[in-house]
Amino acid sequence: MYRTIGILAHVDAGKTTLSERLLTEGGSLRAPTGAFLDTDAQERKRGITIFTGQAEFTHGGHVYQLADTPGHVDFAAEMERVLAILDAAIVVVSAADGVQGHTETIWQRLEALKVPTFLFVNKCDRVEPSAAVKEIHELLSEDCIDLTAGLEPAAEALAERDEALLEFYLEHGFQDSFFRKAAQRMAGERRLFPVFCGSAREGTGVQALMDGLDALLTTDYDPLAEFGAQAYGVRRQADGTRLVLLKITSGTLHPRDRVGDDKVGELRALRGAKTENIPQAEAGRLCGAAGLPGVRIGDGVGTAAALPAASLRPLLTAKAAFEGPPQEILAAFQVLEDEDPQLGVEWEEELQQLTVRVMGQVQLEVLTEAMRTRFGKEIEFTPPEVLYQETIAAPVEGWGHFEPLRHYAEVGLRLEPGERGSGLTFRSECPTDELALNWQRLIETHVFERVHRGVLTGAPLTDVTVVLCCGRAHEKHTEGGDFREAVYRAIRHGLMHAESILLEPYVHLTAGVEPAQLGRLLTDISRMSGEAEAPVQRGVRVTVGAAVPLSEAMSYQQEFAAYTHGRGVLTLHPGGMRLCHNAEEVRMRRAYDAERDVAHTPDSVFCSHGAGYTVKWHESAKFMHCRR
């Protein structure tokens, strides 16, 4: 009965307008208002979606749970969190603007998650859609088929994409029920992407889209099975109540049910700015559940698996300046981090410095306003800096020993380069008869519980596999915190001996300019140390794609707008981490001294004659007790 659909698009494609038109046609709104889903004051002020809005409408006997996601790249993490719980996605493409860089990013992520996808070509009341549809075929998939007029006009195109359907078509011609079942199967397997053209503002083509969802989308949820759910968000109500947003994947959830060690409080359905109590949430439904303090975004509960790890990560870091007790500011930021784990709030006690990770300047402005309106705290952020990361080029050993009086732990690790974008991973090669499994699991916990800093600039360590080779504990003197110290020191010890590499974030820049401005654009890309793709003529504009270091492109939008006199089109979206193009310059500017960073020491502590003593990192390996 319940189906979850997400509306996805780049900024200004008409995503929120389409969402409200669907709600109107589905009987949930009297008329589009422009503000039903964008309920936050900042969303209304800026005219963009910042937080995922939810509502329901009915059509064809189904209840559609609609998620209107942010289109601005600064809030892409909010959008991505919703993707994995969708039964289908509706990607909105403006007929006027065509496929944008952010549209391609959305498309790639939907492909990775295998989400059935429909498309709505919007603003066809202003621009004839043929050029946009051509771009969809060229840049997204040739299996995007226009079904605005129904299945029969597209029968030949559908038959070409399915052998059994082609055989039936050649022998019997078009038969609606047979083609509908085949198109259902193809859409579910992502071999067909139904396209509908129209205007959300005028309401044209929207009914065809709704009928297409009814006919081609299939779901299979069992409300009688064992309970399972996935946590895709956290919201706080006006009274401060924490709601965990759940997608029920199987079974049925009731208030006062137990979920792990927690007891469910009230269940609420989210509908725009309002929420209302519901007596139960069955398989397929979205709900907000109170009383689950141990559940975090991304968790699977019951029989459900955890959500896939995020692929769109913040590219910038900024420091918060404030007055007053830091504990209150930190507590407020931890609430915001609970709602957006990508913030990566970090407090450096020795520097009394709080930093956050963000996607862009607009997100910083939203955070500043949230601290003021929600927590009554005035803060300012320093200008954001590029979030550099460090990794290693070859395997290296790392040793850590922690043995002050009446404590003991020793760890031998091997650090191996990982695939780009893999982050930190862990595996053990240590026999359990050498180190008990409970200690090995504790070591794994310690690997992931902090941000490990590289030795070139102090940037976070990434794309490294930490392999536990050996370890030792003492029957009487080892405590959990001892292995924490040993693990931290072993990782740092390995990095001090490693061939380290500095990484920086790149963006994929897509720019459309008049032909006379092409030379300037290519010169700018070269000046920014970018790698340009071949120019493509699209209508009256020439479009160029390029991979450019974010550090070089941060202020380019203003420069681009000036020389194109506001007539050019520029989009920037994350392009992953690559080798830093000016690594030595960054190192000189940061002037980081790895040996003076006492919070990330590579030295080990041994014990002799009842007293602990420190052995410097370049000598400590020969003092270790483990057999190698």
Side-chain angles (χ1 to χ4, degrees), residues 1-6 51-58 61-67 69 78-89 110 112-116 188 213 217-237 239-272 274-310 338-341 441 445:
M1 181 179 180
Y2 287 96
R3 295 174 164 185
T4 304
I5 59 174
F51 309 103
T52 299
Q54 289 181 204
E56 296 177 356
F57 67 90
T58 57
H62 301 288
V63 178
Y64 287 90
Q65 301 167 117
L66 184 151
T69 64
E78 174 83 8
M79 175 271 293
E80 188 181 23
R81 281 193 288 273
V82 178
L83 298 187
I85 57 100
L86 298 180
D87 296 316
L110 290 171
L113 295 170
K114 305 302 179 188
V115 180
L213 288 169
L217 176 58
T218 58
T219 56
D220 183 21
Y221 292 107
D222 185 356
L224 301 179
E226 190 175 350
F227 170 74
Q230 294 172 314
Y232 65 94
V234 169
R235 293 284 187 273
R236 279 173 173 77
Q237 300 190 97
D239 62 1
T241 300
R242 180 179 183 266
L243 292 180
V244 179
L245 306 188
L246 297 175
K247 167 71 175 284
I248 312 299
T249 55
S250 61
T252 302
L253 183 66
H254 303 87
R256 295 181 294 282
D257 282 352
R258 298 206 69 85
V259 175
D261 295 330
D262 300 326
K263 187 176 182 180
V264 178
E266 62 184 6
L267 294 179
R268 301 192 71 83
L270 281 66
R271 297 190 176 101
K274 299 179 180 179
T275 65
E276 63 180 59
N277 280 317
I278 54 176
Q280 65 180 32
E282 57 268 43
R285 189 159 197 187
L286 305 182
C287 70
L292 301 177
V295 178
R296 297 287 179 265
I297 290 176
D299 288 352
V301 295
T303 61
L307 293 177
D338 183 36
E339 299 169 0
D340 181 5
R441 288 174 173 164
T445 298

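- In this structure a side-chain-to-backbone donor-acceptor pair under 3.5 Å is present from R3 to L213.
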Between side-chain atoms of residues 278-291 and protein atoms elsewhere (two or more places apart, or another chain), which donor-acceptor pairs fall under 3.5 Å?
| from | atom 1 | to | atom 2 | distance (Å) |
| --- | --- | --- | --- | --- |
| Q280 | OE1 | H254 | NE2 | 3.3 |
| R285 | NH1 | Y2 | OH | 3.2 |

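- Taking all atoms of both residues into account, the shortest heavy-atom contact from A88 to L217 is CB-CD1, 3.8 Å.
- Annotation: the span from L267 atom CG to L253 atom CG amounts to 5.0 Å, rounded to 0.5 Å.
- Within the 4.5 Å cutoff, side-chain heavy atoms of D340 are placed close to those of R81.
- Side-chain atoms of L245 and L270, non-hydrogen and from C-beta on, do get closer than 4.5 Å to each other.
- When all heavy atoms of I248 and A229 are compared, the closest pair comes out as CD1-CB, 3.9 Å.
- When all heavy atoms of P308 and L113 are compared, the pair lying nearest together is CG-CD2, 3.5 Å.
- The shortest heavy-atom contact between V82 and A67 is CG1-CB, 3.9 Å.
- Interatomic distance, CD of Q65 versus NZ of K247, reported as 7.0 Å (0.5 Å rounding).
- Atoms CG and OH, from L307 and Y232 in turn, are 10.5 Å apart once rounded to the nearest 0.5 Å.
- Across all non-hydrogen atoms, the minimal contact from D338 to I297 is O-CD1, 3.5 Å.
- Atom NE2 of residue H62 and atom CD1 of residue I5 lie 12.0 Å apart, to the nearest 0.5 angstrom.
- A side-chain donor-acceptor contact under 3.5 Å links D87 to the backbone of T4.
- With contacts defined as side-chain heavy-atom distances shorter than 4.5 Å, the pair V301/D262 does not qualify.
- Around the CG atom of D220, the shell of radius 6.0 Å holds no more than 12 heavy atoms that belong to other residues, nucleotides or ligands.
- Counting only heavy atoms from C-beta outward, the side chains of D299 and V244 never approach each other to under 4.5 Å.
- Side-chain atoms of R235 do not come within 3.5 Å of backbone N or O of E339 as any donor-acceptor pair.
- We find the CZ-CG distance between R242 and L292 to be 7.5 Å, quoted to the nearest 0.5 Å.
- Between the side chain of S250 and the backbone N or O of D222 there is no donor-acceptor pair closer than 3.5 Å.
- In this structure the side chain of F227 reaches within 4.5 angstrom of the side chain of V259, judged on heavy atoms.
- The distance from the CG atom of D257 to the OG1 atom of T252 is 9.0 Å, given to the nearest 0.5 Å.
- When atom types are taken as modelled, the side chain of Q230 and the backbone of A305 share a donor-acceptor pair closer than 3.5 angstrom.
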